[in-house]
Amino acid sequence: MKLDNLIAIDVHTHAEVSCRQEPDETWQPFDAAARKYFKVSKRPTITETIAYYRERRLGFVMFPVDSEFQIGAKRIPNEGGRRCGAR
C-alpha cells in the first residue's frame with residue numbers, strides 16, 4: 001500500500017485470531033465475550049483484518065493481545081506475518 005493513498009492510520013488494532021495456530025481453549029470464554037460485546041458471529045483473522053483495512057485505504061498498526069502471562073492463553077507470535085497474507 002502506498003502512503004499517498006492512505007486516508008488514515010489506526011494505531012491500535014488487535015490481532016486476536018491467528019492464521020497460523022489453532023484456537024487456544026483457554027481463550028474461548030474471552031472469544032465468546034468479545035463476539036457478544038462486538039455483536040459478531042466470529043472475530044476476523046489477521047488476513048481478514050488486512051483486507052478490511054486495505055479496502056478502506058486505511059493503514060494500521062497490529063499487535064497481539066498478551067494474555068499468556070495472566071491467564072495462560074497462547075499468544076499469537078509476532079513472526080510470520082507474511083505467511084498470513086501481510087505484505
Who pairs with [X] by side chain to side chain contact (heavy atoms under 4.5 Å, CB included), at least two apart in sequence or on another chain?
{"X": "P44", "value": "E48, T49"}
{"X": "Y52", "value": "R56"}
{"X": "Y37", "value": "none"}

Enumerate donor-acceptor pairs with a distance under 3.5 Å from any side-chain N or O in residues 5-14 to protein atoms, sequence neighbours excluded.
residue	atom	partner	partner atom	Å
D10	OD1	H12	N	2.9
D10	OD2	T13	OG1	3.4
D10	OD2	Y53	OH	2.6
H12	NE2	H14	NE2	3.0
T13	OG1	Y53	OH	3.4

Item checked: By salt bridge (charged side-chain N to carboxylate O under 4.0 Å, His left out) - contacts of R57 (at least two apart) ->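 In terms of salt bridge (charged side-chain N to carboxylate O under 4.0 Å, His left out), with neighbours along the sequence ignored, R57 is linked to no residue.
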(message) Per the salt bridge (charged side-chain N to carboxylate O under 4.0 Å, His left out) rule, what does the pair list look like for residues 32-41, sequence neighbours excluded?
(response)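 Matches after skipping sequence neighbours: D31-R35.
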